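Remember, it's 1-based here, ligands and their atoms both numbered in the order they're listed. As a basis for the values below, the full set of heavy atoms in this structure was taken, side chains included, without hydrogen atoms, waters or symmetry mates. Computed from a predicted model, the values in this text were never measured in an experiment.
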Amino acid sequence: MTDRPRTPLLDRVRDPRDLKRLTDAQLRQVADELRAETISAVSVTGGHLGAGLGVVELTVALHAVFDTPRDRLIWDVGHQAYPHKILTGRRDRIRTLRQKDGLSGFTKRSESPYDPFGAAHSSTSISAALGLAVARDLGGEPPDGQGIGDCIAVIGDGSISAGMAYEALNNAGHLGTRMFVILNDNEMSIAPPVGAMSAYLSRLYAGEPFQDLRAAAKAAAHLLPPPLREGAKRAKDALKHLAVGHGTLFDELGFSYVGPIDGHDMDQLLAVLRTAQARADGPVLIHVLTKKGKGYAPAESARDKGHATNKFDVVTGAQAKTPSNAPSYTAVFADALIRQAERDRSIVAVTAAMPDGTGLSKFADRFADRCFDVGIAEQHAVTFSAGMAAGGLRPFCAIYSTFLQRGYDQVVHDVAIQRLPVRFAIDRAGLVGADGATHAGSFDVAFLANLPGFVVMAAADESDLARMVVTAAAHDEGPIAFRFPRGEGVGVEIDWDAPPLEIGKGRVVREGSGVALLSLGTRLQEALQAAEALEARGIRATVADARFAKPLDRDLILRLARDHELLLTIEEGAVGGFGSHVAQLLAEEGAFDRGLKFRSLTLPDTFIDQASPRDMYATAGLNAEHIERKVLEVLGAKVMGKRA
Ligand SMILES: Cc1ncc(C[n+]2csc(CCOP(=O)(O)OP(=O)(O)O)c2C)c(N)n1
Ligand SMILES: CC(=O)[C@@H](O)[C@H](O)COP(=O)(O)O
Ligand SMILES: [Mg+2]
């Protein structure tokens, strides 16, 4: 149990209006207390720590200067918004972050009027803020009845590497309406940022003093009430030492570029924000320099600057470990790929800003020139991989299921239609836990298995995953994907030297009669448990692992249909995926006409909020007891009691 920090001034802040009654010195104190409260809260919940610590002063300053929630403040990704949540009436629930029935780890419209636009995937904030600004200009009336004031997007240096951000800047510069983009530049993505844009932002630190800004700060000082003038004057003095290039990219795009300013210096922040708020007549980009993990030594010194953390001890920074002996699926993928790459020089790997999350940092350690971190740019990652495939390489494009959604047209248009052999390693398939609905890998099977010529596999355990990597490496005929979940495997021994799988062939793992459970992916263990429970009731279930959502193992499926009264499919994906394809096959082959009972267990038609993966699967009705219950229900057998 961690002691709660003393936060006398923060205790008086019930909502952002209270900040407006405080002096600049008091705002600095609120920021200090807010930082302590954020650290304390995340120590008991785990979560995204570093990004929030880096924007504590910015959060206080934005809420002190702007009139939220009428002014619409949009945090890109939303992983840095814990301090914002504390200031906006959610402090009493802050220790429920990312827990079942608790606060979301991201911004969420349904959670608070202070979250005008939800997020969790990056680089959407400028588009959303611009949309709100245009709605304001055209007299739009949001349902909250507050009207729309200023629209402010806060976007990180990592997130501004994505195409969407440029599409939005381009449009905003063209429309010329008043809006604010705060570029929160901490020289970090999850990993150190990559790319030419990141280098460009760094060069902006090294230009000449920005005369206009100093003049603006001076002018603003006169606009301010006397107690605030001193802070503005100090900021003006500080700004003498600031530097910026003339004619920045942002200026050229139609923004007034301001900065860079020190995002931990409350005086600078307040002065510049007040000035910008008082004077802006078009789009303004304020470049703020911050430190990810600021003010908490273990985060500041961590390789990822405390990007994401388990629960931890505030004093030592030591994180709780999740006990497990099985290797993570991600690690198995990375090791299997490295083995393939040792034998085959044409194998290359691509990640979109997730080198650690996808395991590819390990691959990069071995094959630096064959591993590409393209930044947060999933669309580019896909087409870049397609280009490499067209050039005779064997690219493995490793993207979380949820983020692959952003590259879907590229998957269809650049990969599938051209039948290019890009290998998609789809991590975080299925429900992921604390990150909730936005990060669930629910749709990939549905959106890939309907593409002609695509091979789509799902690993049931870590050994099969290793084999699917081998299979994908050997498959030059067209695109191929394999999906696997977040977390540890089931603990089976891995046969690293197993030959490639035969494309479109599943396996029977338990012979029975009457009932067939056909699983795709890691629900196989649940299906096996369900089969045991059914056995105790005198029902002997066959359990099969489909391995392939496409092409389907027609022989296996038709045999199961022929030899059993009930065929039940189970998958960790939305409707429209594996079960739908099986149903289509069965219908075409007349299996229903012959009296087959068929059911398909999929994720339900709803977005499931964060909880433990097990709890989320319980909500989805995809755990062993649900499989058992479904079988009994269809067979008309009596359900006796509730199994634990
Ligand atoms: C489309 C998309 N791809 C990848 C991610 C994973 N992701 C979350 S935060 C993050 C880094 C963001 O860096 P930055 O915007 O600089 O914010 P910081 O964490 O440095 O504050 C990444 C890659 C995501 N949320 N959305
Ligand atoms: C904010 C974000 O999108 C990532 O930080 C994400 O939370 C990572 O998820 P994993 O922990 O599964 O890598
Ligand atoms: Mg950053």
Side-chain angles (χ1 to χ4, degrees), residues 46-56 58-59 75-83 97-98 104-107 119-126 153-165 182-195 197-198 201-202 263 287-294 299 304-310 322 328-330 351-361 373-382 398-408 427-436 438-441 484-487 610 613:
H48 293 103
L49 178 65
L53 294 183
V55 295
V56 164
L58 180 61
T59 307
W75 297 95
D76 205 272
V77 184
H79 66 313
Q80 74 291 66
Y82 305 174
L97 269 171
R98 292 159 53 90
S104 163
F106 303 102
T107 46
H121 289 201
S122 80
S123 320
T124 59
S125 59
I126 308 176
V154 184
I155 184 165
D157 55 318
S159 299
I160 207 163
S161 70
M164 259 200 93
I182 314 286
L183 170 56
N184 171 38
D185 185 355
N186 56 18
E187 294 195 274
M188 274 298 281
S189 187
I190 292 184
V194 289
M197 187 63 197
S198 170
L201 291 179
S202 303
H287 188 176
V288 179
L289 304 185
T290 61
K291 251 189 177 182
K292 198 162 178 171
K294 172 76 178 175
D304 70 349
K305 305 292 175 203
H307 175 79
T309 166
N310 287 341
T322 331
S328 76
Y329 282 98
T330 303
T351 172
M354 307 295 286
D356 292 333
T358 57
L360 286 188
S361 40
D373 180 351
V374 299
I376 306 182
E378 288 81 6
Q379 298 163 307
H380 165 65
V382 173
I399 301 186
Y400 289 9
S401 169
T402 189
F403 300 141
L404 186 58
Q405 288 162 198
R406 185 161 287 180
Y408 188 53
D427 203 331
R428 307 316 194 255
L431 303 175
V432 292
D435 275 342
T438 54
H439 281 55
F484 48 98
R486 188 177 199 278
Q610 76 279 352

Between ligand 1 and the protein, which N/O pairs fall short of 3.5 Å?
| residue | atom | partner | partner atom | Å |
| --- | --- | --- | --- | --- |
| ligand 1 | 3 (N) | Glu378 | OE2 | 2.6 |
| ligand 1 | 15 (O) | Ser159 | N | 2.9 |
| ligand 1 | 15 (O) | Ser159 | OG | 2.6 |
| ligand 1 | 16 (O) | Asp157 | N | 3.4 |
| ligand 1 | 16 (O) | Asp157 | OD1 | 2.9 |
| ligand 1 | 16 (O) | Gly158 | N | 2.7 |
| ligand 1 | 16 (O) | Met188 | O | 2.8 |
| ligand 1 | 19 (O) | His79 | NE2 | 2.7 |
| ligand 1 | 19 (O) | Lys292 | NZ | 2.6 |
| ligand 1 | 20 (O) | Asn186 | OD1 | 3.1 |
| ligand 1 | 20 (O) | Asn186 | ND2 | 2.9 |
| ligand 1 | 20 (O) | Met188 | O | 2.8 |
| ligand 1 | 21 (O) | Asn186 | ND2 | 3.2 |
| ligand 1 | 25 (N) | Ala120 | O | 2.9 |
| ligand 1 | 26 (N) | Ser122 | N | 2.9 |

Ligand-protein N/O pairs under 3.5 Å (ligand 2):
| residue | atom | partner | partner atom | Å |
| --- | --- | --- | --- | --- |
| ligand 2 | 3 (O) | His439 | NE2 | 2.7 |
| ligand 2 | 5 (O) | His48 | NE2 | 2.9 |
| ligand 2 | 5 (O) | His307 | NE2 | 2.7 |
| ligand 2 | 7 (O) | His48 | NE2 | 3.1 |
| ligand 2 | 7 (O) | Asp435 | OD1 | 3.4 |
| ligand 2 | 7 (O) | Asp435 | OD2 | 2.5 |
| ligand 2 | 9 (O) | Asp435 | OD2 | 3.3 |
| ligand 2 | 11 (O) | Arg486 | NH2 | 2.8 |
| ligand 2 | 12 (O) | Arg428 | NE | 2.7 |
| ligand 2 | 12 (O) | Arg428 | NH2 | 3.3 |
| ligand 2 | 12 (O) | Arg486 | NE | 2.7 |
| ligand 2 | 13 (O) | Tyr400 | OH | 2.6 |
| ligand 2 | 13 (O) | Arg428 | NH2 | 2.8 |

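- Using a 4.5 Å cut-off on side-chain heavy atoms (C-beta onward), Arg406 and Ser122 make contact.
- By the salt bridge (charged side-chain N to carboxylate O under 4.0 Å, His left out) test, Lys291 is found to be paired with Glu300, residues two or more places apart in sequence or in another chain being considered.
- Ring pair His307/His79 is tilted by interplanar angle, where 30° to 60° counts as tilted.
- Residues Thr358 and Asp427 bring no donor and acceptor atom of their side chains to less than 3.5 Å of each other.
- Contact annotation: the side chain of Asp76 never approaches that of Ile126 to less than 4.5 Å [non-hydrogen atoms, C-beta and beyond].
- Considering only heavy atoms from C-beta on, Val55 stays 4.5 Å or farther from Asn186 through its side chain.
- Between Phe106 and His439, the ring planes are parallel. Angles under 30° get that label, and only those over 60° would be called perpendicular.
- Electrostatic pairing of Arg98 and Asp435 counts as a salt bridge here, judged by a charged N lying under 4.0 Å from a carboxylate O.
- Rounded to the nearest 0.5 Å, atoms CE (Met188) and OG (Ser198) are 11.0 Å apart.
- A 4.5 Å side-chain heavy-atom check between Leu58 and Val154 finds at least one atom pair inside the cut-off.
- Counting heavy atoms from C-beta outward, Thr402 and Gln405 have side chains that approach closer than 4.5 Å.
- Between Thr59 and Trp75 there is a side-chain heavy-atom pair separated by less than 4.5 Å.
- Shown here are the protein N/O/S atoms lying under 2.8 Å from the Mg ion (ligand 3), water excluded: Asp157 OD1, Asn186 OD1, Met188 O.
- For the pair Arg428/Thr330, a side-chain contact is recorded, criterion being any heavy-atom separation below 4.5 Å from C-beta on.
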